[in-house]
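Within every chain, numbering begins at 1; the chains are lettered A, B, ... in the order of the sequence lines, protein sequences first and strands thereafter.
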Amino acid sequence: MNRNIIVSFVCIALFISNISFAKDAQQLKVCSDCKTHTIKGAVKIAKDHDTLLLKKGIYKEHNILINKPLTIIGEEGVVIDGQKKGYIFKINSDSVALHQLTLLNVGQSYTKDFAAIYVSRSSNFKLTNLRLKEVFFGILIEKSKYGIIRNNHISSHAIEEAGSGNGIHLWHSSNMLIENNKVHNLRDGIYFEFVTNSMVRNNLSYDNLRYGLHFMFSNKNEYHKNIFINNGSGVAVMFSKFIKMTHNKFTKNWGAASYGLLLKEIYDAEIENNTFEENTTGIKIEGSTRINYRNNNFIRNGWALKIAGACYSNKFNQNNFLHNSFDLSYNSKLNDNNFTNNYWSEYTGYDLDKNGIGDVPYRPVKLFSYIVNKTPETIVLLRSLFVDIINFSEKVSPAFTPDNLLDNQPLMKRIQ
Amino acid sequence: MKKGILFLSVILLCYACSVAPQKIEFGKDVCSYCDMAIVDRVHAAEVVTNKGKAFKFDAIECLIHHLTEKNETDMAFVLVTDFLNPEVFINATEAQYLISEKIKSPMGANLTAFSSKENAAYKNETFNNWKKIKEIIRKNTYLNNK
């Protein structure tokens with residue numbers, strides 16, 4: 001009996017000292033034999049703007065609600081295991097930072113978008129150096145602004161499974177910076193829906209089921225120096241305006257409906273200094289207007305460009321088209337786009353005045369590409385003598401291709 | 001042997017012409033309207049024409065926009081997925097439709113189909129029938145549905 005009283009007395013004393021500690025030092029340690037041994041418990045007793053320092057160990061917690069400004073930092077070897085039950089972190093406060101944690105096993109559902117980190121109505125948050133494994137959604141952000149997502153590595157196991165979520169998913173947000181992340185084996189690597197004034201740079205997105213990066217209804221965004229390899233399609237930009245895309249690499253997107261870059265209903269974009277290499281289709285363009293394509297490299301694609309209807313006032317200048325099966329496929333009789341001053345490896349003309357510009361125009365559309373458009377199976381005839389003959393005859397006297405669809409000033413040398 | 005081949009080809013021929021719903025290969029099939037890969041198992045939709053050609057969609061809003069350009073009486077099947085039964089198609093005319101930010105659909109219309117409006121989770125929401133929902137969706141194009 002006596003002993004019990006002493007124990008409870010010690011407990012109370014410890015509890016009080018713990019509170020005073022939090023007040024002064026503003027740093028709370030969490031570990032299996034600390035006073036606070038759960039993250040949820042630590043969040044509960046922490047004051048605004050405190051720092052939680054997680055000591056090495058495995059924390060089996062899920063649905064950790066962070067409703068005040070906190071910084072959570074992990075020592076090396078900190079693992080938070082959600083045990084496939086719902087979310088791991090739910091953040092709905094401003095100024096929250098998570099740094100150097102490993103989160104794994106997020107719940108899966110058809111009806112709920114479970115995420116390793118769910119951020120809602122928050123501003124000025126920072127998610128850095130995180131490793132998210134076996135996630136459904138990785139980072140899901142709704143109605144937030146001024147966030148930084150940097151140096152994270154997000155992956156899941158979506159190989160053929162469609163029951164997977166997106167790596168970094170933003171919805172109705174603005175002013176985000178997403179850089180130096182690695183995302184793979186997810187549905188979409190990075191997904192923007194109704195997001196504005198945001199920047200995506202230096203990310204690596206590969207082996208994703210659908211798109212490496214996906215914009216929907218998102219205006220005034222930029223993405224630079226990203227690499228997209230072996231996704232369903234590299235990047236899709238749909239129903240968006242004023243997007244800048246420079247210095248990105250789109251490679252190895254192979255498949256019947258695979259594109260390096262898919263543009264659908266977009267206006268006023270800049271596409272410069274990108275490389276499209278070994279894709280079934282480099283860029284598929286539909287319903288897109290006033291887009292400038294400059295200094296891009298199209299290397300060994302099936303189709304470098306596939307233009308399908310309702311594309312006006314686009315400019316393709318100073319690009320390299322190197323060894324593509326088709327440089328351009330076009331399905332309309334009308335042309336309002338400009339294709340001057342590009343380098344085409346298939347160009348067979350000459351330059352008698354030695355000014356670096358070919359003396360005869362180059363026609364990038366082959367007649368055979370029309371036939372393939374109509375009947376895709378005819379692709380087996382590619383490289384046959386018959387196809388070469390019809391292509392040649394079209395080149396000599398164009399009947400099907402728009403008369404003005406040509407490069408009047410094809411360059412003799414590749415642009416370096 | 002010859003008879004066998006004949007028999008087989010007849011069967012194949014019949015199979016090829018049959019007017020029936022086709023299964024969607026998630027992650028492989030592409031939406032006939034918006035070109036996006038179909039991955040969402042609770043929002044996929046499909047129409048099959050009287051001649052047996054199937055068009056698959058990643059979202060019900062794409063199906064409705066597709067039908068705007070077509071004649072609905074030419075369709076043998078117009079199918080949508082029941083939200084509570086992933087991958088199970090129901091008849092579009094018999095389904096009940098909900099527009100709610102709680103359930104996001106792939107093309108931003110937040111449109112979802114249910115086999116009935118009697119379900120606990122969405123009790124207080126307004127449901128619409130097929131005719132009404134088509135009018136609502138057609139008022140908005142993708143670019144101004146914000």
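In K132(B), the NZ atom is not crowded: 12 or fewer heavy atoms of neighbouring residues, nucleotides or ligands sit closer than 6.0 Å. Crowding of K143(A) atom NZ: a count of heavy atoms from other residues, nucleotides or ligands under 6.0 Å exceeding 12. For K145(A), the NZ atom sits in a loose shell: 12 or fewer heavy atoms of surrounding residues, nucleotides or ligands are nearer than 6.0 Å. Heavy-atom contacts from other residues, nucleotides or ligands closer than 6.0 Å to NZ of K102(B) number 12 or fewer.
With a 4.5 angstrom heavy-atom cutoff, D35(B) touches chain A via backbone and side-chain atoms both. At a 4.5 Å heavy-atom cutoff, K112(A) makes no contact with chain B through either its backbone or its side chain.
Between E193(A) and K104(B), every side-chain heavy-atom pair lies at or beyond the 4.5 Å cut-off. Counting heavy atoms from C-beta outward, M36(B) and M216(A) have side chains that approach closer than 4.5 Å.
From K264(A), atom NZ reaches atom OH of Y33(B) across 7.0 Å, with rounding to the nearest 0.5 Å.
Scanning all heavy atoms of the two residues, the minimum distance from F217(A) to M107(B) falls at CZ-O, 3.3 Å.
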